[in-house]
Amino acid sequence: MKISSRPFELKLKYPFSISGYSRTSTPIMLIEIEHEGIRGLGEASMVPYMGESVETANAFLQKVDLSWLRAPFNFDEVIQCLDSITPGNPAIKAAIDIALHDLEGKLEGAPCYSYFNSPPDKMPVTAITIGIDSPDIIIQKVKDAESAKVLKVKLGSDNDKLLIETIRSVSNKPLYADANQGWTDRSKAIEILYWLKEQGVEIVEQPMPKSDLEGNAWITERSPLPILADEAIQRLGDLEKIKDAYHGINVKLMKSAGMHEAFKMIKRARELNMKVLIGCMSETSVATLAAASLAPLCDWADLDGPFLTSNNPFRRPDFKNGRWVLPSDSGLGVL
Ligand code: MG
C-alpha cells in the first residue's frame with residue numbers, strides 16, 4: 001500500500017467571506033493510495049481556520065504506515081490507526097479514508113455509495129452558497145448559481161436583512177442560512193429567525209458561538225426553523241455533548257476524518273431523531289463525490305465546492321435538477 005501526495009492551491013471564484021474573515025484560495029492535499037496497480041484518490045481541504053496546512057499534512061503522512069492493511073479494509077481499524085498518530089488533523093485523515101474507499105470500490109468493482117446502502121435516486125438538492133458581498137456582486141453570484149434549486153446565505157454581519165432582500169430582488173428560490181456563530185443576542189436571534197422564515201429560509205446553521213451550548217439550546221427551543229450545529233460538532237464523539245442543543249448537525253468529511261465516521265455520525269444522529277445536513281469545505285470533485293455518496297442518507301446537502309472554485313483539476317461530476325448525479329463507476333467515479 002503506497003501513499004503519494006501533492007499539494008494544490010484551489011482558487012475561489014470570489015473571495016470567501018464569513019463574519020470577520022476572508023480568503024481567495026484554499027490549500028488542498030491530493031493523495032493517491034496504490035495497491036496492486038490500482039489507485040484510490042483522496043483529498044484534504046485545509047481551510048486555514050481549522051488549523052491544518054500542507055506542512056501539518058506532510059508531517060502526518062510521514063507517520064502513516066498502512067503496510068498491515070488488507071482488503072477488504074476494516075475502516076474502524078484504519079481510523080484507530082490514524083487517531084493513534086494524533087487526535088487532530090481530521091482533513092488529512094479524511095484524505096486517507098476517502099482514498100481507501102475509492103480504492104476499495106475499484107478493487108471490488110462497486111461504487112462507493114453501495115457500501116453505505118445510500119440510494120442514488122434519493123439524492124437531495126445541493127445548495128450553492130452566496131457569500132457576504134456588495135449588492136451588485138451578490139446579484140451576480142445569484143445569476144452564476146442558476147443551476148441551483150436552493151441557495152445558501154452566510155449571515156452574521158450587520159447587513160443580514162440587506163443580503164436577503166438583495167437576493168429576494170432577483171430570486172425566489174428557497175434559502176438555507178448560516179450564521180457562522182455570528183449572533184450574540186438571543187432575543188434578537190429569535191426575532192430574525194421569524195423574519196427569515198417569512199423570507200423563505202428553511203434551515204439555520206450555528207446561530208451563536210459554539211462554546212455557548214446553553215444559548216444555542218435556548219434558541220433551538222424557540223426557533224420556528226430547524227437549527228443545526230456546524231462549528232459545534234466535528235467528530236462522532238462530539239454528538240452526545242451537543243445533541244440537546246440543536247435540531248440537527250452539519251456533517252463534513254473534513255471535520256469527521258472521512259466517509260466512515262461521517263456515516264456513523266449520520267446513523268447516530270438518526271437514532272437521536274436529529275436532522276442531518278451534509279456540507280463541505282472548498283473542495284475538488286474528489287471530496288465532493290465522496291460526500292455526495294453519503295448525501296442520499298441526509299435531509300439536506302450543501303456540496304457546492306466545484307461551483308465556487310475555478311481550477312478544479314478533475315472533471316466536474318454531472319449536476320441535474322439541482323442535484324449531483326452519482327456515477328455508477330467503481331469507487332468514487334472521479335474523472
Ligand atoms: Mg456552516
Side-chain angles (χ1 to χ4, degrees), residues 10 28 30-33 38-45 72-73 75 94-129 145-150 152 176 250-267 269-270 275-309 312-335:
L10 187 60
I28 300 282
L30 294 170
I31 77 157
E32 286 188 1
I33 301 182
I38 296 177
R39 286 176 301 177
L41 295 176
E43 169 184 0
S45 169
F73 307 136
F75 282 95
I96 294 166
D97 167 283
I98 293 168
L100 288 173
H101 277 91
D102 187 36
L103 177 60
E104 174 132 307
K106 288 169 176 166
L107 290 168
E108 309 256 323
C112 282
Y113 57 79
S114 65
Y115 314 145
F116 303 106
N117 288 323
S118 179
D121 60 333
K122 294 276 163 19
M123 180 64 78
V125 296
T126 218
I128 295 185
T129 295
E146 199 185 13
S147 55
K149 299 271 183 210
V150 50
K152 181 171 169 181
Y176 301 164
N250 182 342
V251 173
K252 293 176 183 165
L253 303 187
M254 297 301 142
K255 298 191 297 182
S256 69
M259 301 169 78
H260 179 67
E261 192 157 314
F263 176 66
K264 286 183 154 184
M265 290 173 77
I266 296 166
K267 254 178 43 185
R270 295 313 194 187
K275 297 284 190 183
V276 183
L277 165 72
I278 188 150
C280 67
M281 304 293 186
S282 306
E283 293 166 2
T284 78
S285 301
V286 176
T288 302
L289 279 169
S293 302
L294 295 166
L297 306 171
C298 304
D299 300 286
W300 307 285
D302 171 24
L303 304 175
D304 56 2
F307 288 105
L308 305 183
T309 53
N312 183 354
F314 306 96
R315 205 181 88 185
R316 199 181 82 186
D318 290 339
F319 193 76
K320 279 189 195 137
N321 296 324
R323 296 162 169 83
W324 292 114
V325 179
L326 289 171
S328 52
D329 312 59
S330 306
L332 292 171
V334 177
L335 297 173

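This one's a predicted model, so the numbers in the text were calculated from it and none came from an experiment. We number each residue from 1, following the sequence as shown.
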Would you say the side chain of P111 lies within less than 4.5 Å of the side chain of S328, judging by non-hydrogen atoms?
no
Which heavy atom in A44 sits nearest to a heavy atom in M254, and how many Å separate them?
CA-SD, 3.9 Å
Does any part of the side chain of M123, heavy atoms only, come nearer than 4.5 Å to the side chain of Y113, both counted from C-beta?
no
Would you indicate whether the side-chain heavy atoms of P327 and L335 approach each other to under 4.5 Å?
no
P306: side-chain contact (heavy atoms from CB on, under 4.5 Å) partners, not counting sequence neighbours:
T288, N312, R316, W324
Chi angles and distances behind the side chain to side chain contact (heavy atoms under 4.5 Å, CB included) call for F314, L41:
CA-CA 11 Å; F314 306 96; L41 295 176; 4.1 Å; yes
Could you walk me through whether F75 and F263 pass the ring-ring contact (aromatic ring centres under 6.0 Å, His included) check?
CA-CA 11 Å; F75 282 95; F263 176 66; over 10 Å; no
Please examine the side chains of V150 and W300, heavy atoms only from C-beta on, and report whether any two atoms are closer than 4.5 Å.
no
Which atom names give the shortest non-hydrogen contact between P120 and P296, and what distance separates them?
CA-CG, 4.4 Å
How close do G305 and C280 get, counting heavy atoms only, and between which atoms?
N-SG, 3.8 Å
Main chain of S282, side chain of S45: is a donor-acceptor contact present, judged purely on distance under 3.5 Å?
yes
For the side chain of Y115 and the backbone of G105, is there at least one donor-acceptor N/O pair under 3.5 Å apart?
yes
Could you tell me the separation between the CG atom of L308 and the CD atom of E283, rounded to the nearest 0.5 Å?
10.5 Å
Which pair of non-hydrogen atoms, one from P313 and one from T284, has the smallest distance, and what is that distance?
CD-CG2, 3.8 Å
Would you say N250's side chain and G279's backbone share a donor-acceptor pair under 3.5 angstrom?
yes
Can you tell me which residue pairs pass the salt bridge (charged side-chain N to carboxylate O under 4.0 Å, His left out) test with a partner in residues 253-266, sequence neighbours excluded?
D76-K264, D230-K255, R235-E261
Distance, nearest 0.5 Å, that separates CD1 of I33 from CD1 of I38:
13.5 Å
Hey, is the main chain of R39 close enough, under 3.5 Å, to the side chain of E32 for a donor-acceptor pair?
no
Pairing of D299 and R270 as salt bridge, 4.0 angstrom limit
yes
Main-chain N/O of V334 paired with S285 side-chain donor or acceptor, under 3.5 Å
no
Look up atom CG in L253 and atom CD1 in I278, then write down how far apart they are to the nearest 0.5 Å.
5.5 Å
With side chains defined as the heavy atoms from C-beta onward, is the minimum distance between F73 and L107 less than 4.5 Å?
yes
Starting at CD of E43, measure out to CD1 of I96 and round the result to the nearest 0.5 Å.
13.5 Å
If you compare all heavy atoms of L294 against all heavy atoms of C298, which two are closest, and at what distance to 0.1 Å?
O-SG, 3.7 Å
Rounded to the nearest 0.5 Å, how far does CD1 of I98 lie from CG of L332?
7.5 Å
Rounded to the nearest 0.5 Å, what separation is found between the CD1 atom of I266 and the CG atom of L277?
10.0 Å
How far apart are the closest heavy atoms of G333 and L289, and which atoms are they?
O-CD1, 3.8 Å
Selection residues 105-120 - residue pairs positive for salt bridge (charged side-chain N to carboxylate O under 4.0 Å, His left out), sequence neighbours left out:
D102-K106
